[in-house]
Amino acid sequence: MPLGLSFHPAPTLLLRPITSSAHLAISSPQPRSWSSISRAAAAAADSTMAAGSVRVAAAQMTSINDLAANFATCSRLVQEAASAGAKLLCFPESFSFIGANDGDSVKIAEPLDGPIMQQYQSLARESKIWLSLGGFQEKGSEEAHICNTHVVIDEAGNIRSTYRKIHLFDVDVPGGRSYKESSFTEPGKDIVALDSPVGRLGLTVCYDLRFPELYQQLRFQHEAQVLLVPAAFTKITGQAHWEILLRARAIETQCYVIAAAQAGKHNDKRESYGDTLIIDPWGTVVGRLPDRVSTGIAVADIDLSLVDSVRTKMPIAKHRMPFDFWRPASL
């Protein structure tokens with residue numbers, strides 16, 4: 001029997017203008033675009049965050065093969081997220097570097113205690129904000145390979161957890177180029193979740209999104225409430241599947257999903273779809289930039305009581321059956 005569920009109050013739009021060509025969109029609970037708003041009005045809107053909720057942000061950017069330029073962009077977005085009151089800012093896969101050739105990532109790769117990551121740790125500490133750095137080029141176990149590592153840093157600049165991407169993108173994109181991430185990346189083996197000020201986080205990276213069993217594990221075995229999906233989806237696959245897959249993961253796990261995306265042309269060979277999204281556990285998009293390929297942040301307020309409400313009214317955790325319950329009928 002279908003349930004008539006109603007979870008959202010009337011939408012409140014929160015916006016803040018920023019300098020440069022970047023954009024910031026704050027929404028609670030439904031995303032909208034805007035043309036202009038005064039700083040005074042934006043400050044007043046910020047004060048309307050619902051009691052019991054916590055603000056999160058997701059970045060959208062176009063990384064290039066310049067570590068310093070990418071760090072400057074990330075620094076600016078961190079400042080905007082902190083000013084908006086976000087407790088967590090999520091960056092997309094390959095936030096610090098996207099090379100023109102596959103081998104470029106191997107050349108610039110560093111261990112987690114190297115100077116690149118130390119810069120981002122300082123950034124978190126200075127702005128007193130948690131950072132999700134999805135898709136860092138970490139040195140692998142041997143020289144020819146890296147790990148595609150999702151790093152979570154707390155507001156004191158400490159690395160709280162790391163997840164190494166399990167599913168590697170070895171794909172011939174229809175109508176596009178061929179990718180073979182495994183040629184320079186070693187796969188991870190461990191499923192990772194951790195507690196944070198915005199709830200219990202489940203860590204994934206990009207192509208993992210196509211493997212729902214990982215998200216089922218994060219929800220039902222690791223008790224995740226918020227799933228992080230930093231990504232650099234291709235333009236072709238993003239147009240076809242990006243939002244559909246993200247909303248499906250949110251609905252089937254009854255979790256918030258925060259999906260920070262690379263956007264636009266990185267070089268002559270590579271273009272990313274963009275469309276950074278924040279989705280609630282009912283599958284509703286609650287945070288989105290007005291421009292799919294612009295640089296900026298989407299911001300939304302997470303209310304973990306909504307997670308509890310959705311899970312109580314549709315108790316799929318109680319209704320799940322073990323896979324070995326279904327056995328083929330005897331012939």
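Taking the six-membered ring for Trp, F169 and Y179 have ring centres closer than 6.0 Å.
At distances below 3.5 Å, not a single donor-acceptor pair connects side-chain atoms of T185 with backbone N or O atoms of S182. For the pair T73 (side chain) and A69 (backbone), a donor-acceptor distance under 3.5 Å is present. Checking side-chain atoms of E80 against main-chain N and O of I297 turns up no donor-acceptor pair under 3.5 Å. Here the side chain of R249 pairs no donor or acceptor atom with the backbone of P212 at under 3.5 angstrom. Listed for the N101 side chain is no donor-acceptor partner under 3.5 Å among the backbone atoms of D104. Q60 places a side-chain N or O within 3.5 Å of a backbone atom of D275 that can act as its donor or acceptor partner. Not a single donor-acceptor pair under 3.5 Å links the side chain of R55 to the backbone N or O of A82. A distance-only check finds a donor-acceptor pair linking the side chain of D291 to the backbone of V293 [under 3.5 Å]. Of the possible donor and acceptor atoms, one in the side chain of Q121 sits under 3.5 Å from a partner among the backbone N and O of G157. No side-chain donor-acceptor contact under 3.5 Å links D280 to the backbone of Y256.
Counting non-hydrogen atoms of neighbouring residues, nucleotides and ligands closer than 6.0 angstrom, the NZ atom of K139 exceeds 12 such neighbours. Taking a 6.0 Å sphere around CD of Q221, one finds it holds more than 12 heavy atoms contributed by other residues, nucleotides or ligands.
By the rule that hydrophobic residues join a cluster once side-chain heavy atoms approach within less than 4.5 Å of another member, V152 and L304 end up as members of one cluster. No continuous path of ILVMFWY side-chain contacts below 4.5 Å connects I98 to I108, so the two sit in separate hydrophobic clusters. Under the 4.5 Å side-chain heavy-atom criterion for Ile, Leu, Val, Met, Phe, Trp and Tyr, I278 and V307 are members of the same hydrophobic cluster. By the criterion of side-chain heavy atoms lying less than 4.5 angstrom apart, applied directly or through intervening Ile, Leu, Val, Met, Phe, Trp or Tyr residues, L203 is grouped together with L214 in one hydrophobic cluster. Clustering ILVMFWY residues whenever any of their side-chain heavy atoms sit less than 4.5 angstrom apart, transitively, puts L245 in the very cluster that holds I279.
Within the 4.5 Å cutoff, side-chain heavy atoms of S141 are placed close to those of E186. Side chains of L112 and I159 form a contact here, defined as non-hydrogen atoms less than 4.5 Å apart. Two residues are said to be in side-chain contact when any heavy atoms from C-beta on lie closer than 4.5 Å; W282 and M314 meet this criterion. The closest side-chain heavy-atom distance from I258 to V229 is not below 4.5 Å. With a 4.5 Å cut-off on side-chain heavy atoms, L289 and L277 do not count as touching. The side-chain heavy atoms of L133 and T149, taken from C-beta on, include no pair separated by under 4.5 Å. Counting heavy atoms from C-beta on, the side chains of I166 and D208 come closer than 4.5 Å. Looking at F184 and I146, their side chains come closer than 4.5 Å, going by heavy atoms from C-beta outward.
Note: K87 NZ to I302 CD1 = 13.5 Å, rounded to the nearest 0.5 Å. Rounded to the nearest 0.5 Å, atoms CG (N267) and CD1 (I64) are 10.0 Å apart. Between atom CE of residue M117 and atom CD of residue E110 there is a gap of 9.0 Å, rounded to the nearest 0.5 Å. Between atom SG of residue C147 and atom CD of residue Q137 there is a gap of 11.5 Å, rounded to the nearest 0.5 Å. Annotation: the span from T276 atom OG1 to R292 atom CZ amounts to 11.0 Å, rounded to 0.5 Å. The line from CD1 of I316 to OG1 of T253 is 7.5 Å long, rounded to the nearest 0.5 Å.
The heavy-atom pair separating P92 from A261 by the smallest distance is CB-C, 3.5 Å. The minimum heavy-atom distance between L88 and I129, with the atom names listed, is N-CG1, 4.1 Å. Shown here for E142 and A144, the closest heavy-atom pair between the two residues is OE1-N, 2.9 Å. The two residues D154 and A124 make their nearest non-hydrogen contact at O-CB, 3.6 Å. Contact record, A224 with C255: O-SG, 3.3 Å, taken as the closest heavy-atom pair. The minimum heavy-atom distance between L201 and V198, with the atom names listed, is CD2-CG2, 3.8 Å.
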Are Q262 and S63 close enough, and set up right, to give a side-chain hydrogen bond (donor to acceptor under 3.5 Å, both in side chains), and what steps lead you there? CA-CA 7 Å; Q262 289 284 348; S63 296; 2.9 Å; yes
Would V299 and V56 count as a side-chain contact (heavy atoms from CB on, under 4.5 Å) if you check the C-alpha gap in whole Å, the side-chain angles of each, and the deciding distance to 0.1 Å? CA-CA 6 Å; V299 182; V56 298; over 6 Å; no
Y207 vs L168, side-chain contact (heavy atoms from CB on, under 4.5 Å): CA-CA, chis, key distance, verdict: CA-CA 7 Å; Y207 190 49; L168 302 183; 5.8 Å; no
L123 vs F71, side-chain contact (heavy atoms from CB on, under 4.5 Å): CA-CA, chis, key distance, verdict: CA-CA 10 Å; L123 193 57; F71 181 74; 4.0 Å; yes
Given side-chain hydrogen bond (donor to acceptor under 3.5 Å, both in side chains), test T162 with H150 step by step and report yes or no. CA-CA 6 Å; T162 58; H150 187 163; over 6 Å; no
Run the numbers on F211 and Y215 for ring pair (Phe, Tyr, Trp, His ring centres under 6.0 Å), then give the verdict. CA-CA 8 Å; F211 300 88; Y215 296 85; 9.3 Å; no
Apply side-chain contact (heavy atoms from CB on, under 4.5 Å) to L227 and L218, showing your working. CA-CA 8 Å; L227 303 172; L218 285 167; 4.1 Å; yes
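Sequence neighbours left out, the pairs with a member in residues 218-244 that pass salt bridge (Lys or Arg N to Asp or Glu O under 4.0 Å) are K235-E271, E243-R247, E243-R288. Applying the ring pair (Phe, Tyr, Trp, His ring centres under 6.0 Å) definition to pairs two or more places apart or across chains, those involving residues 87-115 are F95-Y120.
For N70 and S96, the side-chain atoms include no donor-acceptor pair closer than 3.5 Å. Side-chain contact, H241 with R210: a donor N or O sits under 3.5 Å from an acceptor N or O. Side-chain contact annotation: S309 with T312, donor-acceptor N/O pair under 3.5 Å absent. S272 and H266 share a side-chain donor-acceptor pair at under 3.5 Å. Side-chain contact check for N148 and E93: at least one donor-acceptor pair (N or O, by modelled atom type) lies under 3.5 Å.
In this view, S305 and D303 satisfy the side-chain contact (heavy atoms from CB on, under 4.5 Å) rule, not counting sequence neighbours.
Look at K165 and E181 and you find a salt bridge, because one of the NZ, NE, NH1 or NH2 atoms lies within 4.0 Å of a carboxylate O, short of that distance.
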